[in-house]
Peer 1: 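Sending over a structure as structure tokens; questions will come in a sec.
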Amino acid sequence: MRVISIVGARPQFVKLAPFSRELRKYHEETIIHTGQHYDTNMSELFFKQLDIPEPDINLHIGSGGHGAQTGKMLSALEEQFINLSPDAVVVFGDTNSTLAGALAASKLHIPCIHIEAGLRSFNRLMPEEINRVVADHTCDLLMAPTRTGMNNLCNEGLEQCSIFTGDIMVDAVQYLADKAEHESRILEKNGLQEKSYYLLTLHRPSNVDNAEQLRYILAQLENLDQPVIFPVHPRTRRFLPESVENIQFIDPVGYIDIISLQRNALKVITDSGGMQKEAYVLGTPCITLRKETEWVETVEAGWNLLLNPAGDILCKQIQSFSANGKQPDIFGNDVAARMVKELGRIESVPSRRVIINVKEDYAKPSF
Ligand code: UD1
């Protein structure tokens, strides 16, 4: 098959890495980068560290309002899809690049696969929630990373085209975990000791697009009992104060360094979806500064604590949270291999909406 993979933002590069490696053993792949993320340490560095082939096409769309950014992507992707006439398009996650890829492919009747399907926060104020719902209802083959994701798809009547595959991010973490252990110098570089610091990341609009909310969170975390290291996402810079006692601001880091920072942290404090999973896989307790999460299994397992970022005793709750219980296997293993095997389902299908009976697979756990 000739497959086009669409990526644009940091978490998608991480998912693309293991998928692309496996896909290229059996199929022909073209990578299109929308250019949503363009800074070297938000994009190029990830391609390098995760050994992802250079994108064949970069659309250089860059930043903009949601409508403008998605609209430009939609129009540019449509042109590429018409030129390249692929057998299938693959989109990942929930960004504006995912939405544009799914819409452009479905309008051209090109079979489209959504990796990391079925996640729901049930909060339509999140731009990602809209992107997920639209991608799931326009794509033809939906690959769910968790049982909860699969249940959500079934509840929305999408069971016939959905498969429970496990989470591909696990493959990426495992690929780089040893390398991170041996090659990362991020702890020394920032004067950090193993298990004696908190790792903080924030980039959700609800936490960082409002100066008062962002400053409130930082003022709470300033009182933590150990130092905090905070790689700052470009979006978060706008309302960031000059400095905060006990919190060290650094530029965004590459994947090897973020894995090392997560593995060695006492606790991870974040509003990122990917880091809730990575912290779990690396065995570090996580505190999620949001009112809801898509990764409910990590909360149920006792390794992820959801805290309302507007709450008033953040510091105390973070310090007293411990997660030493057993870790059930939530995300699976060798997920890329399973995904690429399942891609074949789409090959013989002439047009959308593809009806693929995968009920049987759902009944059988894959791990
Ligand atoms: C996007 C995704 C989000 C994902 C996140 C990961 C959407 C709606 N959101 O959010 O789901 O979790 O990526 O990082 O697609 N910027 C730079 N340099 C860059 C990239 C962005 O300076 O390389 C700046 C932009 O100018 C903009 C801001 O960061 O002001 C936000 O970038 P954008 O891609 O719109 O969304 P994210 O907040 O990164």
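If you're wondering where the values come from, they're calculated on a predicted model, not measured in any experiment.
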Peer 1: Rounded at 0.5 Å granularity, tell me how far CD in Glu183 sits from CD1 in Ile259.
Peer 2: 13.5 Å

Peer 1: Quick check: does any side chain N or O of Gln319 sit under 3.5 Å from a backbone N or O of Asp225, one acting as donor and the other as acceptor?
Peer 2: yes

Peer 1: Taking all non-hydrogen atoms of both residues, which atom of Leu77 and which atom of Ala104 are closest, and how far apart?
Peer 2: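 Nearest heavy atoms, Leu77 then Ala104: CB-CB, 4.1 Å.
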
Peer 1: Glu297 and Thr148: side chain to side chain donor-acceptor pair (under 3.5 Å), yes or no, with the steps?
Peer 2: CA-CA 8 Å; Glu297 285 91 344; Thr148 305; 2.6 Å; yes

Peer 1: Give the minimum heavy-atom separation between Asn246 and Gln226, together with the two atoms involved.
Peer 2: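 Of all heavy-atom pairs spanning Asn246 and Gln226, the closest is ND2-O, 3.2 Å.
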
Peer 1: Using a distance-only test with no angle check, is there a side-chain donor-acceptor pair under 3.5 angstrom linking Glu128 and Thr95?
Peer 2: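 There is no such pair (donor and acceptor under 3.5 Å, judged by atom type) between the side chains of Glu128 and Thr95.
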
Peer 1: Whether the Gln262 and Thr284 side chains hold a donor-acceptor pair (N or O, under 3.5 Å, no angle test) is what I'd like checked.
Peer 2: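 The criterion, which ignores hydrogens and geometry beyond distance, is not satisfied for Thr284 and Gln262.
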
Peer 1: Where do Asn304 and Thr288 land on the side chain to side chain donor-acceptor pair (under 3.5 Å) test, with the steps shown first?
Peer 2: CA-CA 7 Å; Asn304 187 5; Thr288 300; 2.7 Å; yes

Peer 1: About how many Å separate CD1 of Ile258 and OG1 of Thr201, when rounded to the nearest 0.5 Å?
Peer 2: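 So the gap between those two atoms works out to 6.5 Å.
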
Peer 1: If I take atom CD from residue Glu156 and atom CG from residue Asn151, how far apart are they, to the nearest 0.5 angstrom?
Peer 2: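 One gets 11.5 Å once the value is rounded to the nearest 0.5 Å.
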
Peer 1: State yes or no: do Ile57 and Phe81 share one hydrophobic cluster built from I, L, V, M, F, W and Y residues joined by side-chain heavy-atom distances below 4.5 Å, directly or via other members?
Peer 2: yes

Peer 1: May I ask you to check whether Ser272 and His203 show a side-chain donor-acceptor distance below 3.5 Å?
Peer 2: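 Side chains of Ser272 and His203: no pair found under 3.5 Å.
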
Peer 1: Where is the tightest heavy-atom contact between Gly311 and Tyr216, given as atom of each residue plus distance?
Peer 2: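 Looking at all heavy atoms of both residues, the shortest contact is O-OH, 2.5 Å.
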
Peer 1: Give a yes or no on this: more than 12 heavy atoms of other residues, nucleotides or ligands lie within 6.0 Å of atom CD of Gln193.
Peer 2: no

Peer 1: Applying side chain to side chain donor-acceptor pair (under 3.5 Å) to Asn96 and Gln69, what does each step give before you reach the verdict?
Peer 2: CA-CA 8 Å; Asn96 289 342; Gln69 189 183 50; 2.8 Å; yes

Peer 1: Looking at Glu292 and Arg290, is any side-chain nitrogen of the basic one under 4.0 Å from a carboxylate oxygen of the acidic one?
Peer 2: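 Between Glu292 and Arg290 there is a salt bridge, with a charged N closer than 4.0 Å to a carboxylate O.
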
Peer 1: Check for me whether Arg21 meets the cation-pi criterion with Tyr175, that is, NZ or CZ under 6.0 Å from the six-membered ring centre and within 45 degrees of the ring axis.
Peer 2: yes

Peer 1: Could you please spell out the steps behind the side chain to side chain donor-acceptor pair (under 3.5 Å) verdict for Glu129 and Ser121?
Peer 2: CA-CA 7 Å; Glu129 184 75 354; Ser121 63; 3.1 Å; yes

Peer 1: So that I know where these two stand, are His37 and Phe46 an aromatic pair - ring centroids less than 6.0 Å apart?
Peer 2: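 No, they do not, as the ring centres are separated by 6.0 Å or more.
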
Peer 1: Could you check whether any side-chain N or O of Asp334 sits under 3.5 Å from a backbone N or O of Ala337, counting only pairs where one atom can act as donor and the other as acceptor?
Peer 2: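 Checking the backbone N and O of Ala337 against the side chain of Asp334, no donor-acceptor pair under 3.5 Å is found.
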
Peer 1: Could you work out the complete set of other residues in the hydrophobic cluster of Val134, with links drawn between I, L, V, M, F, W and Y side chains under 4.5 Å apart?
Peer 2: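 Direct or chained contacts put Val134 with Leu74, Leu99, Leu103, Ile130.
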
Peer 1: Are Leu289 and Ile217 side-chain neighbours, meaning at least one heavy-atom pair lies under 4.5 Å?
Peer 2: yes

Peer 1: Go through Glu212 and Arg215 one step at a time and tell me if the salt bridge (charged side-chain N to carboxylate O under 4.0 Å, His left out) criterion holds.
Peer 2: CA-CA 5 Å; Glu212 217 176 299; Arg215 281 160 195 250; over 6 Å; no

Peer 1: Which residue pairs pass the salt bridge (Lys or Arg N to Asp or Glu O under 4.0 Å) test when at least one of the two sits in residues 244-271, sequence neighbours left out?
Peer 2: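 Checked against salt bridge (Lys or Arg N to Asp or Glu O under 4.0 Å) - neighbours excluded - the pairs reaching residues 244-271 are Glu181-Arg263.
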
Peer 1: Evaluate the side-chain proximity of Ile115 to Val90: yes if any heavy-atom separation is below 4.5 Å, no if none is.
Peer 2: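 In short, these two side chains touch, coming nearer than 4.5 Å.
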
Peer 1: Between Phe47 and His33, how do the two ring planes meet: parallel, tilted or perpendicular, split at 30° and 60°?
Peer 2: parallel

Peer 1: Whether the side chain of Gln213 engages the backbone of Pro309 through a donor-acceptor N/O pair (distance < 3.5 Å, no angle test) should be reported.
Peer 2: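 Indeed, once roles are kept as given, a pair shorter than 3.5 Å links the two residues.
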
Peer 1: Hey, are Glu342 and Arg338 close enough for a salt bridge, meaning a charged N less than 4.0 Å from a carboxylate O?
Peer 2: yes

Peer 1: Do Met339 and Ile52 land in one hydrophobic cluster if side-chain heavy atoms of ILVMFWY residues count as linked below 4.5 Å?
Peer 2: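 Yes, because Met339 and Ile52 connect within a single hydrophobic cluster, where side-chain heavy atoms sit under 4.5 Å apart.
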
Peer 1: Run the ring pair (Phe, Tyr, Trp, His ring centres under 6.0 Å) test against Phe249 and tell me which residues pass, sequence neighbours left out.
Peer 2: Phe230

Peer 1: Run the numbers on Leu307 and Phe321 for side chain to side chain contact (heavy atoms under 4.5 Å, CB included), then give the verdict.
Peer 2: CA-CA 11 Å; Leu307 280 187; Phe321 177 59; over 6 Å; no

Peer 1: Do Met169 and Glu278 have side-chain heavy atoms sitting under 4.5 Å apart?
Peer 2: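 Side chain of Met169 against side chain of Glu278, heavy atoms only: contact under 4.5 Å found.
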
Peer 1: Would you say CD of Glu44 has more than 12 non-hydrogen atoms from neighbouring residues, nucleotides or ligands within 6.0 angstrom?
Peer 2: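 Counting other residues, nucleotides and ligands, CD of Glu44 stays at 12 neighbours or fewer.
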
Peer 1: Evaluate the criterion side chain to side chain contact (heavy atoms under 4.5 Å, CB included) for residue pair Val3 and Asp87; output intermediate values, then yes/no.
Peer 2: CA-CA 6 Å; Val3 178; Asp87 298 308; 5.9 Å; no

Peer 1: Nearest heavy-atom pair of Thr34 and Gly8: which atoms, and what distance?
Peer 2: OG1-CA, 3.3 Å

Peer 1: Side chains of Tyr38 and His60: closer than 4.5 Å at any heavy-atom pair?
Peer 2: no

Peer 1: Go through it in stages, so that I can follow the logic: the residues are Lys15 and Glu116, the test is salt bridge (charged side-chain N to carboxylate O under 4.0 Å, His left out), and I'd like the CA-CA distance, side-chain angles, deciding distance and then a yes or no.
Peer 2: CA-CA 9 Å; Lys15 289 161 205 155; Glu116 204 181 70; 3.2 Å; yes

Peer 1: Does NZ in Lys316 sit with more than 12 non-hydrogen atoms of other residues, nucleotides or ligands closer than 6.0 Å?
Peer 2: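 Incorrect, the count does not exceed 12.
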
Peer 1: Do Leu202 and Ile247 sit in one hydrophobic cluster, given that two such residues count as connected whenever their side-chain heavy atoms are within less than 4.5 Å of each other, even indirectly?
Peer 2: yes

Peer 1: Apply side chain to side chain donor-acceptor pair (under 3.5 Å) to Thr236 and list each qualifying residue two or more places apart in sequence or on a separate chain.
Peer 2: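 If we apply the side chain to side chain donor-acceptor pair (under 3.5 Å) test to Thr236, skipping adjacent residues, there are no hits.
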
Peer 1: For a 4.5 angstrom cut-off between non-hydrogen side-chain atoms, does Leu261 reach Leu192?
Peer 2: yes

Peer 1: Quick check against the 3.5 Å criterion: does Asn41 have a side-chain atom that pairs as donor or acceptor with the backbone of Gly254?
Peer 2: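 It does not hold such a pair.
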
Peer 1: A quick test of your reading: do over 12 heavy atoms of other residues, nucleotides or ligands sit less than 6.0 Å from CD of Glu79?
Peer 2: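 At most 12 heavy atoms, drawn from other residues, nucleotides or ligands, come within 6.0 Å of this atom.
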
Peer 1: Quick check: closest heavy atoms across Ser20 and Glu29, and the distance to 0.1 Å?
Peer 2: OG-OE1, 2.6 Å

Peer 1: Do the charged groups of Arg10 and Asp39 touch, with an N to O distance under 4.0 Å?
Peer 2: no

Peer 1: Give a yes or no answer on whether the side chain of Asn264 reaches the backbone of Glu194 with a donor-acceptor pair at less than 3.5 Å.
Peer 2: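 Not at all, since once roles are kept as given, no pair shorter than 3.5 Å links the two residues.
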
Peer 1: Quick check: closest heavy atoms across Leu153 and Leu142, and the distance to 0.1 Å?
Peer 2: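 Result for this residue pair: CD2-CD1, 3.8 Å.
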
Peer 1: Centroid-to-centroid, Phe92 to His114, below 6.0 Å?
Peer 2: no

Peer 1: Could you tell me whether a side-chain N or O of Gln220 sits under 3.5 Å from a main-chain N or O of Leu314, the two making a donor and an acceptor?
Peer 2: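 A pair under 3.5 Å: yes.
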
Peer 1: Suppose we screen for side chain to side chain donor-acceptor pair (under 3.5 Å). Which residues come up paired with Gln248, at least two apart in sequence or across chains?
Peer 2: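 For Gln248, the residues satisfying side chain to side chain donor-acceptor pair (under 3.5 Å) (neighbours in sequence not counted) are Asn190.
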
Peer 1: Using only atom types and a distance under 3.5 Å, with no angle test, would you say the side chain of Thr146 pairs donor to acceptor with the backbone of Gly149?
Peer 2: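 Yes.
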
Peer 1: Quick one, Ser5 and Phe19 - any side-chain contact, counting heavy atoms below 4.5 Å?
Peer 2: yes

Peer 1: Using only atom types and a distance under 3.5 Å, with no angle test, would you say the side chain of Gln49 pairs donor to acceptor with the backbone of Tyr255?
Peer 2: yes

Peer 1: Name all residues meeting the side chain to side chain donor-acceptor pair (under 3.5 Å) criterion together with Asp209; count only those two or more places apart in sequence or in a different chain, and write none if there are none.
Peer 2: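 With sequence neighbours excluded, Asp209 shows a side chain to side chain donor-acceptor pair (under 3.5 Å) to Arg235, given in chain and number order.
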
